[in-house]
Amino acid sequence: MTAVRAVRAVLLDRDGTLVEDVPYNGDPALVRPVPGAAEAMALLRSRGVPAAVVTNQSGVARGLIDWDDMGRVHARIDELLGPFHAWAVCPHGPDDGCACRKPAPALVLDAARRLGAAPAECVVIGDIGSDMEAARAAGARAILVPTPVTLAEEVREAPAVAPDLLTAVRAALDGPWPGPAGERAGEGRDPVRAFAPAAQAAQAARTAQAPQASGPTRAAARTASRASTRTAARTATVRRPS
């Protein structure tokens with residue numbers, strides 16, 4: 001069995017993973033860390049493991065926020081949870097054809113380089129499939145932390161699943177791990193998925209995606225256009241910008 005390399009850096013998605021998801025947020029007053037985020041970041045600092053944020057922020061391309069708005073939000077996140085060693089941001093829209101927007105690997109590769117780590121020495125933690133795909137494409141390991149916007153298929157296809165950010169960080173640092181990057185859970189070592197059995201996590205995701213009377217389901221919107229924003233695919237109260 002291939003040895004699992006030591007973790008030298010943790011790369012985190014922003015919205016829904018590190019802080020509560022406020023679509024296209026340009027207001028620092030609306031920043032709310034997810035439960036356990038402060039403890040997770042404190043644990044990384046105590047172990048001397050640097051952390052970076054890797055985030056798609058298409059609100060810039062859409063004209064909904066500007067770089068100054070985003071900078072103020074990031075400063076607030078740094079104040080509450082950081083400081084983070086690097087911020088890797090894609091400001092482009094889904095149709096811009098850039099190389100940096102997740103699920104492309106460029107943000108992960110850039111953050112790893114800036115933290116002085118090889119991609120295989122990094123763990124990406126995120127809440128949707130594009131986070132997992134970006135990690136896989138870059139050669140990094142990944143842990144999915146499902147939220148109400150996570151699709152059941154994304155839970156099933158994730159290499160590892162944890163119920164919350166703190167558990168994911170503990171797993172990244174100390175295991176158990178499913179094996180080398182890209183290896184499915186259940187092969188090699190005991191999977192992180194043991195923290196959140198796949199059936200249970202998938203059922204939670206299906207429940208969260210039940211049809212709403214007020215609008216179309218997110219799954220239907222994903223079928224119509226996978227590259228469209230998650231805002232259009234959820235109801236008014238559960239949304240995910242991309």
Pair [X] + [Y]: basic N to acidic O under 4.0 Å:
X	Y	result
Asp110	Arg114	yes
Asp174	Arg47	yes
Asp131	Lys102	yes
Arg8	Glu121	yes
Glu133	Arg136	no

A side-chain contact here means heavy atoms from C-beta on lying under 4.5 Å apart; do [X] and [Y] qualify?
X	Y	value
Leu107	Asn56	yes
Arg62	Pro94	yes
Val31	Val22	no
Ser58	Tyr24	yes
Val49	Leu173	yes
Asp66	Val60	no
Pro35	Glu20	yes
Val124	Arg141	no

Over all heavy atoms of both residues, which pair between [X] and [Y] is shortest? Give the atoms and the distance, please.
X	Y	answer
Ala160	Ala142	CB-O, 3.7 Å
Ala117	Ala9	CB-CB, 4.2 Å
Val53	Arg14	CG1-CB, 3.8 Å
Leu165	Ala40	CG-CB, 4.0 Å
Ala134	Ala104	CB-O, 3.5 Å
Pro83	Asp78	CA-OD1, 3.3 Å

**Request:** Apply side-chain contact (heavy atoms from CB on, under 4.5 Å) to the pair Thr17 and Val145, showing each step before the final yes or no.
**Result:** CA-CA 7 Å; Thr17 300; Val145 179; 5.5 Å; no

Same apolar cluster: [X] and [Y], side chain cutoff 4.5 Å:
X	Y	value
Val34	Ile125	yes
Val108	Leu12	no
Leu81	Leu44	yes
Phe84	Val7	yes

Quick one: does any side-chain atom of [X] pair with a main-chain N or O of [Y] as donor and acceptor, under 3.5 Å?
X	Y	value
Thr150	Asp127	yes
Asp96	Cys98	no
Glu79	Arg76	no

Could you measure the distance from the [atom1] atom of [X] to the [atom2] atom of [Y]? Nearest 0.5 Å is fine.
X	Y	atom1	atom2	result
Leu144	Met132	CG	CE	5.0 Å
Leu18	Leu80	CG	CG	9.5 Å
Cys122	Leu11	SG	CG	4.5 Å
Ile65	Met70	CD1	CE	6.0 Å
Thr147	Ile128	OG1	CD1	8.0 Å
Cys90	Gln57	SG	CD	9.5 Å

**Request:** Under the side-chain contact (heavy atoms from CB on, under 4.5 Å) rule, what do Val19 and Ile77 come out as? Steps first, then yes or no, please.
**Result:** CA-CA 8 Å; Val19 297; Ile77 296 173; 4.0 Å; yes

**Request:** Can you tell me which residue pairs pass the ring-ring contact (aromatic ring centres under 6.0 Å, His included) test with a partner in residues 51-81, sequence neighbours excluded?
**Result:**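 ring-ring contact (aromatic ring centres under 6.0 Å, His included) check on residues 51-81 returns His74-Trp87.
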
